[in-house]
Visitor: 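Please see the structure below; I have some questions.
So you know, we letter chains A, B, ... as the sequences are listed, proteins then strands, and number each from 1.
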Amino acid sequence: MGSRLARLGLLPLLGAGAILFYAGRDLPEVGDPEQPAATHVSPRYIEEAQRETGAANMVTAVLADYRAYDTLGETVVILTAGLACLLVLGAFGASREDADQHFAVHRIGSDVVDVTARLLIPFLFLFSSYVVVHGHYSPGGGFQGGAILAGAVILVRLVRGRGESPLIDSRRGLILASLGVLLFFAMGFWSIPFSGAFLDYGALPFPLEGAHLREIATLGVEIGVFFAVTAVLVLIFESLTTGAGE
Amino acid sequence: MSGIDYALVSLLFLIGVYGILARPHFVRKLMAMNLLQVAVIVFFILIGYKNDATPPIARAGDAEPSAREYVNPLPHTLMLTAIVVSVSTTGVALALLVRIHRRFGTLDERVLLEKLKR
């Protein structure tokens with residue numbers, strides 16, 4: 001049944017492909033500066049982002065300030081994914097004892113890998129913090145820094161085995177991720193008593209004004225995202241590799 | 001010829017959909033789903049591109065950025081969200097696959113359907 005259905009499925013697929021190819025010819029030329037996507041909404045963001053939010057990186061300005069609500073939803077999505085992974089793989093509940101007993105990820109045990117990792121990991125930790133804090137002035141931000149830091153923690157576990165970096169286990173990882181999302185929500189709710197609007201950074205009661213205030217507030221939001229992304233990525237790795245010994 | 005860029009992206013997308021439909025192994029389906037998501041991401045980035053424009057970070061000393069000189073930042077932002085969603089979906093899908101393998105011992109759709117029938 002499988003392969004006949006698959007062969008039948010090829011037909012509407014080819015039809016959809018023909019439609020896509022045909023429609024692609026009507027789309028504007030790649031790189032055309034006069035295309036609708038470049039002339040209606042985006043010029044305002046490009047021209048006003050640095051002046052209004054204090055961030056030279058327009059992508060960060062849009063992500064963490066103009067469209068912060070969208071980023072909030074995205075952070076909750078990644079937290080939910082981490083939680084779902086933990087639940088599906090039985091980190092809580094009756095099988096928890098089994099999960100802890102299985103040795104997660106045997107160490108690679110090679111000297112070359114060990115030494116290279118020792119050289120890399122401190123720089124990765126430092127670099128991830130740099131990327132988060134410089135999200136305003138260069139490519140970077142909470143998500144990017146979180147991915148780098150998660151990579152560093154996962155590298156430690158791959159090279160040295162599970163026992164070596166107990167910093168983020170299931171419980172503490174979830175707490176860290178939730179704290180990150182909570183920080184984001186807190187930045188949003190904090191402005192409600194002052195101006196009645198959610199996520200209105202301009203109304204926060206700090207002794208700063210205008211663009212500078214929004215810049216610091218987006219940094220706070222990015223740090224929350226950083227914690228959430230790091231913790232969830234390490235959690236997903238942990239839950240997938242626990243029980244690898246069986 | 002601009003049509004070639006969009007045609008290649010469409011091709012990637014179709015390969016992804018084909019992989020999900022036609023391959024019986026779950027991990028290959030998952031990889032095809034990833035390919036599909038990457039195709040969509042590249043498509044949006046293509047829309048945002050402008051000729052002779054630099055990445056959307058205001059250059060030092062450029063107090064009045066002109067929209068002609070910078071690439072459109074909105075698709076990039078949208079695609080950051082899409083990448084995060086892709087990672088989340090892949091993570092949960094892998095967790096489900098691990099469970100399926102633990103319970104049934106197989107990751108092949110045909111073998112799995114046989115086992116479920118019994």
Visitor: OG of Ser239(A) to CG of Leu94(B): how many Å apart, nearest 0.5 Å?
Guide: 9.5 Å
Visitor: Between Val17(B) and Leu13(A), is any pair of side-chain heavy atoms under 4.5 Å apart?
Guide: yes
Visitor: Taking CZ in Phe227(A) as the centre, count heavy atoms belonging to other residues, nucleotides or ligands within less than 6.0 Å. Is the count above 12?
Guide: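 Atom CZ in Phe227(A) is not crowded, with 12 or fewer foreign heavy atoms closer than 6.0 Å.
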Visitor: Relative to chain B, which segment of Ile236(A) carries a heavy atom at a distance below 4.5 Å: side chain, backbone, both, or neither?
Guide: side chain
Visitor: If you count heavy-atom pairs within less than 4.5 Å of chain A, which of Val84(B), Leu97(B), Leu11(B) leads?
Guide: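 Between Val84(B), Leu97(B), Leu11(B), the count favours Val84(B).
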Visitor: Verify, without hydrogens or angle tests, whether Arg99(B) (side chain) and Val88(A) (backbone) share a donor-acceptor contact under 3.5 angstrom.
Guide: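 Here the side-chain-to-backbone pair exists.
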Visitor: Name the region of Val9(B), side chain, backbone, both or neither, that has any atom closer than 4.5 Å to a heavy atom of chain A.
Guide: neither
Visitor: Report yes if some heavy atom in the side chain of Met58(A) is under 4.5 Å from a heavy atom in the side chain of Asn72(B); otherwise report no.
Guide: no
Visitor: Around atom CZ of Phe21(A), are there more than 12 heavy atoms from other residues, nucleotides or ligands closer than 6.0 Å?
Guide: yes
Visitor: Under 4.5 Å heavy-atom distance to chain A, tell me which part of Thr89(B) shows up: side chain, backbone, both or neither.
Guide: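 Neither part; nothing is under 4.5 Å.
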Visitor: Is it the backbone or the side chain of Glu74(A) that comes under 4.5 Å from a heavy atom of chain B, or both, or neither?
Guide: both
Visitor: Within this structure, what is the CG-CG distance for the pair Leu14(A) and Leu14(B), rounded to the nearest 0.5 Å?
Guide: 8.0 Å
Visitor: Tell me which of these, Ala49(A), Ala55(A), Ala37(A), has more heavy-atom pairs under 4.5 Å with chain B than the rest.
Guide: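 Looking at each option in turn, the highest pair count goes to Ala37(A).
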Visitor: Just wondering, more than 12 heavy atoms not from Tyr22(A) lying within 6.0 Å of its OH?
Guide: no
Visitor: Compare every heavy atom of Gly91(B) with every heavy atom of Cys85(A), then report the nearest pair and how far apart it is.
Guide: SG-O, 3.3 Å
Visitor: Non-hydrogen atoms of chain B under 4.5 Å away: do they reach the side chain of Asp26(A), the backbone, both or neither?
Guide: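 For Asp26(A), neither part sits under 4.5 Å from chain B.
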Visitor: Show your working on side-chain contact (heavy atoms from CB on, under 4.5 Å) between Val30(A) and Tyr6(B) and close with a plain yes or no.
Guide: CA-CA 9 Å; Val30(A) 171; Tyr6(B) 296 123; 3.8 Å; yes
Visitor: Can you tell which of Val98(B), Ile47(B), Val85(B), Leu46(B) has the highest number of heavy-atom pairs within less than 4.5 Å of chain A?
Guide: Ile47(B)
Visitor: Among Thr77(B), Leu78(B), Val92(B), which residue has the highest count of heavy-atom pairs closer than 4.5 Å to chain A?
Guide: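 So the answer, after comparing Thr77(B), Leu78(B), Val92(B), is Thr77(B).
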Visitor: Below 4.5 Å from any heavy atom of chain A, which atoms of Pro56(B) appear? Answer side chain, backbone, both or neither.
Guide: both
Visitor: Which answer fits Gln144(A), side chain, backbone, both or neither, if we ask what part of it has an atom under 4.5 Å from a heavy atom of chain B?
Guide: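 Gln144(A) touches chain B through side-chain heavy atoms alone.
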Visitor: Go through the atoms of Tyr137(A) and report whether side chain, backbone, both or neither lie under 4.5 Å from a heavy atom of chain B.
Guide: backbone
Visitor: Below 4.5 Å from any heavy atom of chain A, which atoms of Leu74(B) appear? Answer side chain, backbone, both or neither.
Guide: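 The answer is the side chain of Leu74(B).
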Visitor: To the nearest 0.5 Å, tell me how far Ser88(B) OG sits from Leu79(A) CG.
Guide: 10.0 Å
Visitor: When only pairs under 4.5 Å are counted, which of Val41(A), Val59(A), Thr75(A) shares the most heavy-atom pairs with chain B?
Guide: Val59(A)
Visitor: Could you check which of Ala16(A), Ala84(A), Gly17(A) has the highest count of heavy-atom pairs closer than 4.5 Å to chain B?
Guide: Gly17(A)
Visitor: Would you confirm whether Gln50(A), through its side chain, and Ala58(B), through its main-chain N or O, come within 3.5 Å as a donor-acceptor pair?
Guide: no
Visitor: What's the spacing between Lys50(B) NZ and Ser42(A) OG if we round to 0.5 Å?
Guide: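 So the gap between those two atoms works out to 5.0 Å.
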Visitor: Roughly how far, to the nearest 0.5 Å, is OG1 of Thr60(A) from CD1 of Ile57(B)?
Guide: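 Separation between the atoms: 7.5 Å.
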Visitor: Can you say whether Arg51(A) sits under 4.5 Å from chain B via the side chain, the backbone, both, or neither, judging by heavy atoms?
Guide: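 No part of Arg51(A) comes within 4.5 Å of chain B.
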Visitor: I need the minimum non-hydrogen distance between Asp32(A) and Asn51(B), along with the two atoms involved.
Guide: N-ND2, 4.4 Å
Visitor: Do Val71(B) and Ile46(A) make a side-chain contact, defined as non-hydrogen atoms from C-beta onward lying under 4.5 Å apart?
Guide: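 They are not in contact (no side-chain heavy atoms under 4.5 Å apart), so the answer is no.
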Visitor: Would you mind telling me which of Ala95(B), Pro24(B), Ser10(B) has the largest number of heavy-atom pairs within less than 4.5 Å of chain A?
Guide: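 Ranked by contacts with chain A, first place is Ala95(B).
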Visitor: In Å, rounded to the nearest 0.5 Å, how long is the span from CG of Leu63(A) to NE2 of His76(B)?
Guide: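 Here the interatomic distance stands at 12.5 Å.
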